[in-house]
Amino acid sequence: MNYNIQHLFSNIPVPFVVLVLIIAAVISWHTLLKRYLKNYFENMCPKCKKSNAMRFCGTSGRSKTPGSRLETHPIKDNKGNVIGNSQQRVYGTTTSWYDEYECIYCGHKKKKFESYFSAGR
C-alpha cells in the first residue's frame, strides 16, 4: 500500500488542527510560567525582596542518623485487584544538612534544611 502524507491528513478539519495547536501552546506556556515563578520566588531574598538574589555558599551541619520508616504495599489477587495492604518497617539512614545561601545585594544569609532517607538493603 502506498500512503501519501497529504492523503492521510486531508480528512482532518482545519478548526480541529487549530484547536489542538492552541491547546498545546497553552499547556507549554503554563508549564514554562510555573517553572519561572517557582524559580523567581525560590531565589528571592526575604529581606530586600529582590528576585534571583540568593547565591549558594555551601552546606553545614551534615549528620547521619539511623532510622526507620513504615512502607505500605498493596496486596493483589490473581486478577490484579487490590484486596488489602501490608505494612513493612524499612531500616536505613536519614542524612540531613543545611544549605546556606547569601543575598548578593544586601548580604542577608538564609539556611534551608534538606534531608533524605536511604534504605539499607
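On a predicted model such as this, the values are computed, not experimentally measured, just so you know.
Partners of Phe117 under the side chain to side chain contact (heavy atoms under 4.5 Å, CB included) rule, at least two apart in sequence or in another chain, are Arg69, Val90, Thr94, Ala119. In this structure Asn43 satisfies the side chain to side chain contact (heavy atoms under 4.5 Å, CB included) test together with Asn39, Asn52, sequence neighbours excluded. The side chain to side chain contact (heavy atoms under 4.5 Å, CB included) check on Ser51 picks up Tyr40, with sequence neighbours excluded. Residues that satisfy the salt bridge (Lys or Arg N to Asp or Glu O under 4.0 Å) test with Glu114, not counting sequence neighbours, are Lys112. Remark: Ser60 pairs with Tyr98, Glu100, Lys111 by the side chain to side chain contact (heavy atoms under 4.5 Å, CB included) rule, at least two apart or across chains. Every residue meeting the side-chain hydrogen bond (donor to acceptor under 3.5 Å, both in side chains) condition with Ser68, not counting sequence neighbours, appears here in chain and number order: Arg89. Listed by chain and residue number, Ser63 satisfy the side-chain hydrogen bond (donor to acceptor under 3.5 Å, both in side chains) test with Ser96 (two or more places apart in sequence, or in another chain).
A continuous path of ILVMFWY side-chain contacts below 4.5 Å connects Leu33 to Met44, so both sit in one hydrophobic cluster.
Residue Phe56 belongs to a hydrophobic cluster whose other members are Met54, Tyr101, with links defined by side-chain heavy atoms closer than 4.5 Å. Cluster partners of Tyr116, using a side-chain heavy-atom cutoff of under 4.5 Å among ILVMFWY residues and allowing indirect links, are Trp97.
Counting only residues at least two apart or in different chains, salt bridge (charged side-chain N to carboxylate O under 4.0 Å, His left out) contacts with residues 47-56 comprise Arg55-Glu102. The side chain to side chain donor-acceptor pair (under 3.5 Å) analysis of residues 29-38, with sequence neighbours excluded, yields no pairs.
Considering only heavy atoms from C-beta on, His73 comes within 4.5 Å of Gln88 through its side chain. With contacts defined as side-chain heavy-atom distances shorter than 4.5 Å, the pair Pro66/Thr93 does not qualify.
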Without placing hydrogens or testing angles, list every side-chain donor-acceptor pair under 3.5 Å for residues 75-85, not counting sequence neighbours.
residue : atom : partner : partner atom : Å
Asp77   : OD1  : Lys79   : N            : 3.3
Asp77   : OD1  : Gly80   : N            : 3.1
Asp77   : OD1  : Asn81   : N            : 2.8

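Shown here for Cys106 and Cys103, the closest heavy-atom pair between the two residues is N-SG, 3.4 Å.
The local environment of CZ in Phe16 is sparse, with at most 12 non-hydrogen atoms from other residues, nucleotides or ligands closer than 6.0 Å.
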